[in-house]
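The sequence lines fix the lettering, A, B, ..., with proteins before strands; numbering per chain opens at 1. These numbers were taken from a predicted model, which means no experiment stands behind them.
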Amino acid sequence: MKTFALQLDRVSKVFGDFRALNNIDLRVVAGSIHAILGENGAGKTTLMNILYGLYQPDGGSITLNGQPAVIPSPSAAMEMGIGMIHQHFMLVDTLTVVENVVLGLPGQGLQLSLAEHAARLTELSQTYGFDIDPHVEIWKLPIGMRQRVEILKVLYRQANIIILDEPTSVLAPNEVASFLEGLKRLRDAGKTVIFITHKLDEVAEVADRITVMRLGQVTAETEVASITTRDMARMMVGRDVVLTAFEKPDTPPGPLRVVARNLSAIDNRGIQALKDVSFEIRSGEILGVAGVDGNGQAELAEVLTGMRAPSAGSLAVDGEDITALSVYDRRHRIGLSYVPEDRHHTGLVLDFSVMKNAMLRDFRVAPFSKNGVLDMRRAREVTDAWVKQFDVRLRSVDQAVRFLSGGNQQKLIFAREVECRPRVMVVMQPCKGLDVGAIEVLQRAILSERQRGTAILYISTELEHILNVCDRVAVMCAGRITGILRPQDATDARVGALMGGISEAESA
Amino acid sequence: MLDIIRYVYMLRPVWAVLAALFVGAGLIAVSGVNPLTAYSELFSGAFLDYYGLAGTLVKTSPILLAGLAVILPLRAGLLNIGVEGQIYMGGLFSTFAALLLPPMPAMIHLPICILFGALGGGLWGLIPGYLKALHGLNEVIVTILLNFIAINIVSFVVGGPMMQEGAPYPYSDEIGEQLFLPIVLPGTDAHIGFLVGLVLAVAMYFLLRFTTTGFALDTIGSNPQAARYAGIPVRRYVMLSMFAAGAIGGLAGALEILGLKHRLYHLFSPGYGFDGIVVAFMAQLNPLFAPVAAFFLSGLKAGALVMQRAVGLESTVIEAILGLVIIFVAASLAFTYNRTFWKLLLERRRQVEADLGASMGEK
């Protein structure tokens, strides 16, 4: 009989009226990689927070290494050998790797020998092939490396069960492979890895066993080898999901709408992040922007939407030069919509109600206000309609938007940015951290905007998503557009070369 | 039931004040005075006695306006510690207008004096607003420092260029009697200042709750990045709200001079600007609660003097009690209403009661 590192029996958790977890059974084999798969709001994160002692279950029992266990707090979880790596890193940017690892380490007394810790850390990181210099400040490290620091942090505390909450959602595509390798090395060293995700291909690649969750319940627990990704998707969403390309109506693009000429811009650190970028988007056309994260895509979106002033170049919409226009004028006079990358800090005011967030873009114009006075009754009607139309799941429109799941937050943003009938739309990483069901809804919304004649710039690091919806694909590297391709020409090899900065003549 | 609990939470500054008074009762008892006598003297002196009430209203005027001057920018996330300085500049400017302008009918002259005061405070508030909006300077530090400058400018002016000849103490000439503000309670000092504050409080409530300006300010206060994303001109609103706050502070100073002091004194405000911060937090940034909070705080201050005289309590004890009120109110804000928690608790109780009922039935 296999030994279970962790066993959950009929664990439940209730928030108000909402049953986040309903009689969850979970068995994790020691020394395996166990994936927990589910849509946003399926209860994965709640479950992990219970394992890490952040929440207490309202019912059920937890068995750890054969012993019944109660996990009262994260520090107790740590002592029991459970380590957690959150989706958003808990690192101090200005401290070095070893300082971050030692931070909060119990039993240090009055003296701290950083050198000794650093030596042990180096040894540890070599064991797992992590290759990290313990004396580098965190802010100098790329995201993938920071994640390794987080993993080292829990390993250093002798964790035997390592929980990772959507670890790959923050990684660039080229970092994912090496991350998954790292997971395998952890398993080979005898650690138990629990990893929460909604990316099917990753599960198929590394996981040994899988638990699929849906609406707070476990729908399946099985060996990965015995199941196809298609089945996983069905169990996760509760119906068949089209994973392949959408049927894109073959409407010819309309007249030239957006013309960007030689745009350059400086980023927040004073470095030139956008260099001489030119492109055109026609009405009813989707221009995809692919590339490794951090190659000027964010600055490009900001320059287009007016949140960052370009240092050179010009931007025109329907022949009108808008280079100097304010965000307000772009939004209301030009009809520009923007779905930003960062929902929490840019796209939403988390403490505002759903209704106020729905008003955020257009609260100064009809129907939300008249002569500077808000019309709350109309706003409520409009919000109710949007919530229905975009299937935003919530308790009430007066609920703070903070308490919606990521997918529902994004649907609300889409409703707001699409229902104002824009002429130009900038969409950045709209599917980041979302499950297949929500992605489908959003991509359909984008395509129906295209159908309506909107010129759309679709920025994403997920080439698959771009190829699904775009008419042309621009690839960015180091602040430049290295090439613009038609989807049928965008082979992995060609796009990979362009992402790496090997330019070729525009071929579309 | 949940609604009742929510209201209990909304009233937490009230509970905090009561708790502070309770602890203060201990202090009074230690000083050898019966706390009940002391408090009844305090409250009857502050609210029940005609002249005492007038004294409370006189203090309510600057404290309420100062509270509003803190609330408005705080909704946009700006902590205006500079109301004291804005009061001084308002007093200075309105005195200028009262003493230096050529003679004209009071009907015109009085509004000009008030506007000058508001303008003086507004410009003084615009300095930190401008520095914050365009250079990112911390408004807390700038406003604190500007307080000292404003207080000393007034001291210099009334101690030198504008000092009344032969005055024993730094103060200016008296302003013309036609410029005195109307008195509300005959035979007392209670001028119309607190009514002005009341009207402004209601106006500010509607502004913040029902207009796009209020929406924009709240958005900036909650998430400036999202405000920029929504196309709200954040810098303009930062400057505007600090100017408006300064103008309200300046108004407080102007009304203090025109309504009560009738001449510019050095150190004429005993920290009303800082009382405004307390009012803002007691009112939980809701302008509609500000008059209540200001009236109560003024009552404590006015009644303290009465209590001191009546029962011979050390004034330090009274100051300690005022300090307790502030600490308790600040601490009470940490208790936030958690719907889920209370709902669960109530459900469990109902469950227990149901079980009990069932077991009783079995017997």
Side-chain angles (χ1 to χ4, degrees), chain A residues 14-18 20 58 301-302 305-308 325-334 336-353 356-357 359-365 368-376 379 395 399-403 413 416-417 426, chain B residues 1-3 5-6 74-77 133-134 136 202-237 240 244 284-285 333 336-352:
Chain A
V14 182
F15 295 111
D17 308 321
F18 179 61
D58 295 319
E302 287 175 354
T305 53
M307 293 180 73
R308 182 181 296 276
L325 283 191
S326 67
V327 178
Y328 180 88
D329 284 339
R330 282 179 210 224
R331 289 189 151 250
H332 295 100
R333 230 181 67 210
I334 303 302
L336 188 142
S337 265
Y338 179 25
V339 177
E341 179 180 20
D342 189 335
R343 297 191 274 279
H344 291 175
H345 293 110
T346 309
L348 296 168
V349 182
L350 290 179
D351 291 325
F352 275 13
S353 65
K356 283 176 111 179
N357 272 292
M359 299 165 71
L360 194 59
R361 182 186 192 274
D362 290 328
F363 71 90
R364 283 151 296 188
V365 293
F368 294 121
S369 70
K370 208 179 150 191
N371 303 324
V373 178
L374 299 173
D375 185 344
M376 288 300 197
R395 204 171 61 209
Q399 190 182 4
V401 85
R402 178 186 294 283
F403 299 114
I413 294 179
R416 183 180 74 203
E417 300 298 321
V426 177
Chain B
M1 188 65 196
L2 280 172
D3 279 337
I5 295 172
R6 197 159 61 86
L74 203 49
R75 292 290 284 256
L134 282 110
V202 173
M204 194 185 286
Y205 172 78
F206 280 100
L207 176 90
L208 288 174
R209 183 144 167 77
F210 295 110
T211 70
T212 54
T213 309
F215 191 98
L217 286 175
D218 279 344
T219 307
I220 295 169
S222 306
N223 185 345
Q225 170 74 2
R228 258 166 46 78
Y229 160 78
I232 297 168
V234 175
R235 290 175 176 181
R236 203 184 309 161
Y237 272 103
L240 211 66
Q284 299 173 53
L285 302 192
L333 299 181
T336 49
Y337 173 64
N338 182 338
R339 183 173 181 277
T340 314
F341 171 80
W342 283 104
K343 196 162 171 142
L344 271 179
L345 201 76
L346 288 179
E347 261 168 23
R348 259 184 220 150
R349 234 190 69 137
R350 219 166 288 147
Q351 188 64 43
V352 169

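Relative to the ring axis of Tyr229(B), Arg331(A) places its NZ or CZ within 45° and under 6.0 Å from the centre.
For Leu348(A), the part lying under 4.5 angstrom from a heavy atom of chain B is the backbone only. Residue Ala227(B) does not touch chain A at all, counting heavy-atom pairs closer than 4.5 Å. Looking at Arg416(A), only its side chain comes within 4.5 Å of chain B, counting heavy atoms on both sides. Using a 4.5 Å cut-off between heavy atoms, Ile232(B) contacts chain A through both its backbone and its side chain. Of the atoms belonging to Phe352(A), it is side-chain heavy atoms, and not backbone ones, that fall under 4.5 Å from chain B. Using a 4.5 Å cut-off between heavy atoms, Ser369(A) contacts chain B through its side chain alone, with no backbone atom that close.
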Check the pair Phe363(A), Phe368(A) against ring-ring contact (aromatic ring centres under 6.0 Å, His included), reporting the backbone distance first and the verdict last. CA-CA 5 Å; Phe363(A) 71 90; Phe368(A) 294 121; 8.9 Å; no
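At most 12 non-hydrogen atoms from other residues, nucleotides or ligands lie less than 6.0 angstrom from CZ of Phe206(B).
When all heavy atoms of Leu74(B) and Leu285(B) are compared, the closest pair comes out as CD2-CD2, 3.4 Å.
With salt bridges taken as basic N to acidic carboxylate O contacts below 4.0 Å, one links Arg402(A) and Asp351(A).
For the residue pair His332(A) / Asp362(A), a side-chain donor-acceptor distance below 3.5 Å is found, with atom types taken as modelled.
Chain B forms the most heavy-atom pairs under 4.5 Å with one residue out of Val327(A), Thr305(A), Leu374(A), and that residue is Leu374(A).
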